[in-house]
Amino acid sequence: MLLVYVTCPNFQEATELAKICVQERLAACANIVPSMRSVYIWEGDMKIEEESLLLLKCSENNWIALEKLIIKNHPYDVPCLVAYRSSHAYGPFEKWVDESHR
């Protein structure tokens with residue numbers, strides 16, 4: 001199972017992206033943290049911006065398709081898109097995630 005971390009410019013964009021990923025059955029579920037502050041350097045300039053955090057749970061088998069879908073539908077040129085492999089997860093939940101893609 002993977003936990004996929006995606007930053008989005010706002011809550012609405014995160015919600016729309018979450019709906020697409022779940023509707024296409026590439027993610028079993030999504031959680032959205034509505035507001036966080038991001039500090040980074042982009043094209044030589046310091047940026048401090050409000051963003052939303054999208055967390056997706058998916059099976060490893062869906063990673064390539066999920067990555068392509070997010071890149072296609074994300075408004076950023078270079079979206080923050082990171083997948084973390086789960087080393088431990090509650091068995092019934094992990095089974096549900098796996099079965100959600102079928």
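The hydrophobic clustering, which links ILVMFWY residues whose side-chain heavy atoms are closer than 4.5 Å, places Leu3 and Leu17 apart. Residue Leu53 is not grouped with residue Phe11 when hydrophobic side chains (ILVMFWY) are merged at heavy-atom distances under 4.5 angstrom, including chains of intermediate members. No path of Ile, Leu, Val, Met, Phe, Trp and Tyr side chains, each step under 4.5 Å between heavy atoms, connects Trp42 with Val39, placing them in separate hydrophobic clusters. Clustering ILVMFWY residues whenever any of their side-chain heavy atoms sit less than 4.5 angstrom apart, transitively, puts Val4 in the very cluster that holds Ile71. In the hydrophobic clustering of ILVMFWY residues, with side-chain heavy atoms under 4.5 Å counting as a link, Ile70 and Val78 come out apart.
Under the side chain to side chain contact (heavy atoms under 4.5 Å, CB included) rule, Leu26 has a single partner from Leu56, Ile20, Leu69, Ile64, which is Leu69.
The minimum heavy-atom distance linking Tyr76 with Cys8 is given by the pair OH-C, 3.6 Å. Taking all atoms of both residues into account, the shortest heavy-atom contact from Ser35 to Ser52 is N-OG, 4.4 Å. Nearest approach of Lys57 to Ala30, heavy atoms of both residues: NZ-C, 4.5 Å. In terms of heavy atoms, Leu66 sits closest to Cys58 at CD2-SG, 3.7 Å.
Residues Thr7 and Met36 have side chains in contact (heavy-atom distance under 4.5 Å, counting atoms from C-beta outward). Between Asp98 and Glu94 there is no side-chain heavy-atom pair separated by less than 4.5 Å. In this structure the side chain of Leu2 never reaches within 4.5 angstrom of the side chain of Tyr84, judged on heavy atoms. In this structure the side chain of Glu50 reaches within 4.5 angstrom of the side chain of Arg37, judged on heavy atoms.
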Before giving the answer on side chain to side chain donor-acceptor pair (under 3.5 Å), spell out for Glu49 and Ser38 the whole-Å C-alpha distance, their side-chain angles and the decisive distance to 0.1 Å.
CA-CA 5 Å; Glu49 299 181 350; Ser38 297; over 6 Å; no

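With sequence neighbours excluded, the residues that form a side chain to side chain contact (heavy atoms under 4.5 Å, CB included) with Lys19 are Thr15, Glu16.
At least one donor-acceptor pair under 3.5 Å links the side chain of Asn62 to the backbone N or O of Arg25.
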